[in-house]
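Letters A, B, ... are given to chains in the order of the sequence lines, protein chains preceding strands, and every chain is numbered from 1.
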Amino acid sequence: MKIEQQLAADAAAALKALYGADVEAGSIQLEKTKREFEGHLTLVVFPYLRLSRKKPEETAEEIGRYLMEHSAAVAGYNVIKGFLNLTVAPAAWVALLDDINSDARYGLTEPGEDAPLVMIEYSSPNTNKPLHLGHVRNNLLGWALAQIVEACGNRVVKTNIVNDRGIHICKSMLAWQKYGNGETPESSGKKGDHLIGDYYVAFDQHYRAEVKELTAKYEAEGMAPEAAKERAEKDSPLMQEAHAMLVRWEQNDPEVRALWRKMNEWVYEGFDQTYKALGVGFDKIYYESDTYLEGRKMVLEGLEKGLFYRRDDGSVWADLRSEGLDEKLLLRADGTSVYMTQDIGTAKMRFEDFPIDKMIYVVGNEQNYHFQVLAILLDKLGFEWGKSLVHFSYGMVELPNGKMKSREGTVVDADDLVAEMVRQARETADEAGKFDDMSEEEKDEVARIVGMGALKYFLLKVDARKNMLFNPAESIDFNGNTGPFIQYTYARIRSILRKAADSGIRLPETLPADVELSRKEEEIVQHLADFAAVVRQAGADYSPSAVANYCYALVKEYNQFYHDFSVLREEDEKKKIFRLVLSANVAKIVRLGMGLLGIEMPERM
RNA sequence: GGCGCUGUAGCUCAACUGAAUAGAGCAUCUGACUACGGAUCAGAAGGUUUUGGGUUUGAAUCCCAACAGCGUCACCA
C-alpha cells in the first residue's frame with residue numbers, strides 16, 4: 001500500500017512536470033498488473049489523454065520515462081496500448097514485508113477515545129421459537145460487521161433487540177398452559193427455546209384443527225368456502241383466548257406476566273447457548289417490552305408537534321407521500337403500538353444510553369421498506385443519525401428444495417446445524433487419520449473449530465445482500481473456497497514455524513535487503529499489503545464477504561507457490577529466512593482476516 | 001398492479017470506485033504420492049455476463065426498456 005501511495009504521488013508529479021496539470025495523488029488509481037504482462041502496478045493513462053493531447057502510447061511512454069528517472073521505487077516500465085506497467089524495485093518489496101512484519105495487527109486500526117461511535121443491532125430474535133439458519137446468517141454477519149467496523153477505527157456497541165412481547169408469545173404460553181402438564185426445560189431435558197418452540201407448533205396444530213372443523217361447520221350451514229374459513233379463523237376459541245391473554249399482558253396482569261417472565265427466561269437460556277456456540281455476543285440488550293411504551297410517547301409527542309395526524313377512529317398516522325412513500329400507521333385506534341412504534345421507542349432509549357454517531361441495523365431484506373420509513377420518521381423526530389441510519393440488508397437463505405418454511409418442516413434449526421457441522425468435521429478428520437495423536441479433548445476442540453469454520457465461512461463468503469443457497473452437503477467441503485481449507489493452510493504454516501523454531505532458527509525483525517525474490521514472492525508481499533485496503537473497503541461497504549474472499553485468494557496464492565519446494569530445506573540462508581518470514585506473515589494476516597469474521601484458526605488440524 | 005432487490009460456466013459463488021483475454025471452487029476428464037502436513041498441487045474442458053437499445057477511448061459494472069426470480073405494499077412482529 002505504501003508503494004502504491006508513493007507511486008501515485010510520483011505519477012501526480014509526473015503529470016505536473018510533463019503537462020502542467022494539477023492532479024491529486026489520491027485520485028490516481030494504480031491497479032495490479034495482470035499476470036500475463038510484466039510489471040507490478042499499472043497506470044491506465046486514458047484519463048490523462050486530454051491533458052497530454054497525445055496518443056495513449058506516447059503519453060504512457062512519457063510518464064514511464066519520467067517515473068524511471070525521478071522515482072526511486074520504479075525499477076522499470078513497459079507500455080502496452082494505454083497501459084503503463086511499472087516494475088517496482090526489489091528492495092521496496094523487502095522493505096514492505098519488514099513493515100508488515102513489524103506490526104502484529106497490520107491493517108487494523110485501534111479506535112481512539114473520540115472515534116465515532118457506531119451501534120450495530122443484530123440477531124433480534126422472537127422469543128417463541130428457537131433460532132434457525134436465517135438467524136445464523138444474521139448473527140454471523142452482525143458479528144463480522146461489528147469486528148470490521150471496529151477494525152476501521154470506530155468504537156462499536158453491539159446490541160440486540162429482543163422481541164419478547166406480542167401475540168406470538170401468547171400463543172406459546174397458552175399452549176403450554178393447555179397441553180403442557182407443567183413441563184420445564186429441567187423436567188423435559190429440552191433446551192428452553194426448543195421447548196417453547198414446540199408449544200408454538202402445538203398451538204398452530206390445534207388452531208388449524210379448530211379452523212378446519214369450524215369451516216366445515218359453517219360450510220354445512222351454507223356459507224361459501226372462503227367466507228366460512230375467514231369466519232372460522234375469527235371465531236376460533238383458541239385464537240380468541242390468545243388475544244385475551246395479550247390484552248391481560250398489556251394490562252400487567254400479574255399471573256400472565258409471571259408466566260411470561262418464566263417462559264422467556266427459559267428461552268434466553270437456550271439462546272445464550274446458541275450464541276455461545278456461534279461465538280457471538282452483545283454489549284447491550286434491549287427488550288421490546290421495555291421500549292414499546294417509549295415509542296408510544298414519542299409518537300404522541302410527534303403528534304402534538306404536528307408531525308403526525310390522528311384519524312377519526314383515533315389511530316395515529318404519518319403522511320410520507322411527499323417523500324414518495326405512503327401513509328404509515330404508528331398507533332392503532334385502541335392506542336396500542338405496532339412494529340414501527342417499537343423501533344422508534346428503541347431508538348430513543350438507545351440514544352439516551354449512548355451518544356451514537358451511526359446506527360446500523362442488521363435485518364433481512366424483507367424489511368427494506370420498513371427501514372426506509374424508519375429513517376424518515378427518526379429524522380422527523382430529531383435523531384441526528386436517523387436520516388443516515390444504515391439498514392444492512394441481507395438476503396434469504398434458501399435450501400436446495402426451496403425456501404425454509406416452518407409449516408412444512410423445512411426449517412434448519414441452528415443448534416442441529418452446529419452439531420451436525422462439528423460432527424462432520426470430526427468424522428472426516430477421523431477418517432483421514434488426522435487426529436491419531438490427539439487426546440479426546442483436543443479432537444473435540446479441533447472439530448469444533450473446523451466445523452464452525454466451515455459453517456461460518458460458507459455463510460459469510462457470499463455477498464450479504466444476495467439470496468443464497470445453503471446446501472448441507474456442500475457446506476462441509478474441506479477443499480476449495482472453504483473455511484477448513486484456509487484453516488488447514490494456516491495450521492500447516494504454523495507447523496513449519498514450530499519446526500523452524502525447534503531447529504533453532506530465529507526470525508529477524510529486519511530482513512537483509514539483498515534477498516532475491518521471485519515474481520511470485522513479490523506478488524504475495526503485494527497481496528499481504530492489500531489487507532489494510534481490503535479491511536478499510538469492507539468497512540466502508542459493509543462487506544464481510546470481501547474479507548473472506550481476500551483470505552481465500554491469499555491462501556491459494558501461497559499454496560500454489562510453496563507446494564513444490566521446501567522452505568526448511570532451502571540452502572540459501574537468506575532465502576530461507578525470507579520465506580519463513582513471508583509464511584509467518586501469511587499466517588498472521590489470514591488469522592487477522594478470519595478473526596474479523598469470527599472464525600478461529602487451529603494450530604493443528 | 002406500484003415500489004425495491006437480483007439475473008455471470010452444468011451447479012455454488014468472485015470481479016475494489018467503468019479498464020487489457022470476466023476469475024475461483026464443486027462436478028467431469030488427464031497428470032503428480034521418498035509428502036517442510038496429500039484435508040495437496042498442476043493441466044484440460046466449460047461464457048454472446050437473461051435479452052434489446054444507449055452513454056464512453058473502454059461496460060458484467062452507468063442509463064432506458066423488456067423478460068425472469070424474489071421481496072414488499074398488515075391496525076403481524
Just to be sure I understand the geometry, which residues of residues 487-497 of chain A put a non-hydrogen atom under 4.0 Å away from RNA chain B? A:Tyr488, A:Ala491, A:Arg492, A:Ser495, A:Ile496
Looking at the side chain of A:Lys81, which of B:U6, B:G71, B:U21 is the nearest nucleotide? B:U21
Of the listed nucleotides B:C36, B:C16, B:G4, the one nearest the side chain of A:Asn368: B:G4
Looking only at side-chain N and O atoms, does A:Lys556 come under 4.0 Å of OP1 or OP2 in B:G25? yes
What's the closest nucleotide to the A:Lys434 side chain, out of B:G25, B:G37, B:A20? B:G37
Within a reach of under 6.0 Å around NZ of A:Lys520, are more than 12 heavy atoms found that belong to other residues, nucleotides or ligands? yes
Per atom distances to the A:Leu329 side chain, the nearest of B:C75, B:C16, B:A14 is B:C75
Can you check whether A:Lys499 has a side-chain N or O nearer than 4.0 Å to OP1 or OP2 of B:G37? yes
Here the salt bridge (Lys or Arg N to Asp or Glu O under 4.0 Å) pairs for residues 482-503 of chain A, sequence neighbours left out, are A:Arg494-A:Glu603, A:Arg498-A:Glu603
State plainly whether the residues A:Arg321 and A:Asp319 are in salt-bridge range, i.e. N to O under 4.0 Å. yes
Tell me whether the OP1 or OP2 atom of B:C36 has a side-chain N or O from A:Lys576 closer than 4.0 Å. no
Length of the CD1-P vector between A:Ile28 and B:C16, whole Å: 21 Å
Please give the distance between the P atoms of B:A27 and B:A68 as a whole number of Å. 35 Å
Looking for any heavy atom pair under 4.0 Å, which part of the strands does A:Asn128 touch: base, sugar-phosphate only, or nothing? nothing
Going by side-chain contact (heavy atoms from CB on, under 4.5 Å), A:Val555 matches just one of A:Ile589, A:Ile493, A:Ile486. Which one? A:Ile486
Run the side-chain hydrogen bond (donor to acceptor under 3.5 Å, both in side chains) test against A:Trp317 and tell me which residues pass, sequence neighbours left out. A:Ser315
Can you tell me how far C1' in B:C67 sits from the matching atom in B:U28, rounded to whole Å? 32 Å
Using 30° and 60° as the class boundaries, would you call the ring planes of A:Phe203 and A:Tyr207 parallel, tilted or perpendicular? parallel
Between A:Tyr369 and A:Arg332, whichever has its closest RNA chain B nucleotide further toward 5' is A:Tyr369
OH of A:Tyr552 versus P of B:C13: gap in Å, rounded? 16 Å
Nearest-angstrom distance, C1' atom, B:A15 to B:U51: 22 Å
Quickly work out the A:Leu320 CG to B:U72 P distance and round it to whole Å. 20 Å
Reckon A:Lys34 has a side-chain N or O less than 4.0 Å from the OP1 or OP2 of B:A19? no
SB check A:Arg519 A:Glu523 (cutoff 4.0 Å): yes
Using the P atom on both, measure B:C16 against B:G7 and round to a whole Å. 13 Å
Work out how far the P atom of B:U55 is from that of B:C13, and round it to whole angstrom. 35 Å
Is a donor-acceptor contact shorter than 3.5 angstrom present between the side chain of A:Asp313 and the base of B:C75? yes
Could you tell me whether A:Ala429 contacts a base, only the sugar-phosphate backbone, or nothing, with contacts defined as non-hydrogen atoms closer than 4.0 Å? base
Supply the atom-to-atom distance A:Leu554 CG to A:Asn549 CG, rounded to the nearest 0.5 angstrom. 12.5 Å
Nearest listed nucleotide, side chain of A:Arg498, among B:G37, B:C75, B:U6: B:G37
For A:Val462, answer base if it contacts any base atom (sugar-phosphate contacts may also be present), sugar-phosphate if it contacts only those atoms, and nothing otherwise; contact means non-hydrogen atoms under 4.0 Å. sugar-phosphate
Using 30° and 60° as the class limits, which term best fits the ring planes of A:Phe392 and A:Tyr542: parallel, tilted or perpendicular? perpendicular
Are A:Tyr122 and A:Tyr394 close enough that their ring centres sit under 6.0 Å apart? no
What integer number of Å spans the C1' atoms of B:A9 and B:U34? 39 Å
Using a 4.0 Å heavy-atom cut-off across all strands, classify A:Tyr562 as base, sugar-phosphate, or nothing. base
Parallel, tilted or perpendicular: rings of A:Tyr339 and A:His370 (30°, 60°): parallel
Which nucleotides of RNA chain B pair, in dot-bracket form (Watson-Crick or G-U under 3.5 Å, | meaning another strand): (((((((..((((.....[...)))).(((((.......))))).....(((((..]....))))))))))))....
What integer number of Å spans the C1' atoms of B:A14 and B:A42? 22 Å
Select base, sugar-phosphate, or nothing to describe what A:His563 touches, counting heavy atoms under 4.0 Å on all strands. base
In short, salt bridge (Lys or Arg N to Asp or Glu O under 4.0 Å) pairs touching residues 37-59 of chain A with sequence neighbours left out are A:Lys54-A:Glu62
Here's a test of your reading of the structure: between A:Ser545 and A:Ala333, which maps to the more 5' nucleotide of RNA chain B? A:Ser545
Is A:Met605 touching bases, backbone alone, or none of the nucleic acid, heavy atoms closer than 4.0 Å? base
Compare side-chain N and O positions of A:Asn559 against OP1 and OP2 of B:C41 and report whether any pair is under 4.0 Å apart. yes
In whole angstrom, give me the gap between the P atoms of B:G53 and B:A74. 39 Å
With distance as the sole criterion, do the side chain of A:Gln29 and the base of B:U17 form a donor-acceptor contact below 3.5 Å? yes
Write down the distance between CG (A:Asp477) and P (B:G25), rounded to a whole number of angstrom. 13 Å
Checking A:Asn160 side chain against A:Ser124 main chain: does a donor-acceptor pair fall under 3.5 Å? yes
Using OP1 and OP2 only, check whether a side-chain N or O of A:Gln367 sits under 4.0 Å from B:G71. no
Tell me which nucleotide among B:A42, B:G37, B:G25 gets nearest to the side chain of A:Gln560. B:A42
Expected output is a numbered-order residue list: members of residues 39-51 of chain A with a heavy atom under 4.0 Å from any atom of RNA chain B. What is it? A:Thr42, A:Val44, A:Phe46, A:Pro47
Can a donor-acceptor pair be found, under 3.5 Å and without considering hydrogens, that links the side chain of A:His391 to the backbone of A:Gln372? no
Is the centre of the A:Phe371 ring less than 6.0 Å from the centre of the A:Tyr361 ring? yes
For A:Phe37 and B:A20, is the gap between ring centres under 5.5 Å while the planes differ by less than 30°? yes
Here the distance between atom P of B:C11 and atom CG of A:Asn481, to the nearest Å, is 18 Å
Nearest to the A:Arg604 side chain among B:G71, B:G37, B:C26, which nucleotide is it? B:G37
Does the pair A:Ser27 and A:Glu24 meet the rule for a side-chain hydrogen bond (donor to acceptor under 3.5 Å, both in side chains), with working shown? CA-CA 5 Å; A:Ser27 71; A:Glu24 268 189 53; over 6 Å; no
What nucleotide, of B:C36, B:C75, B:A39, holds the atom closest to the side chain of A:Trp317? B:C75
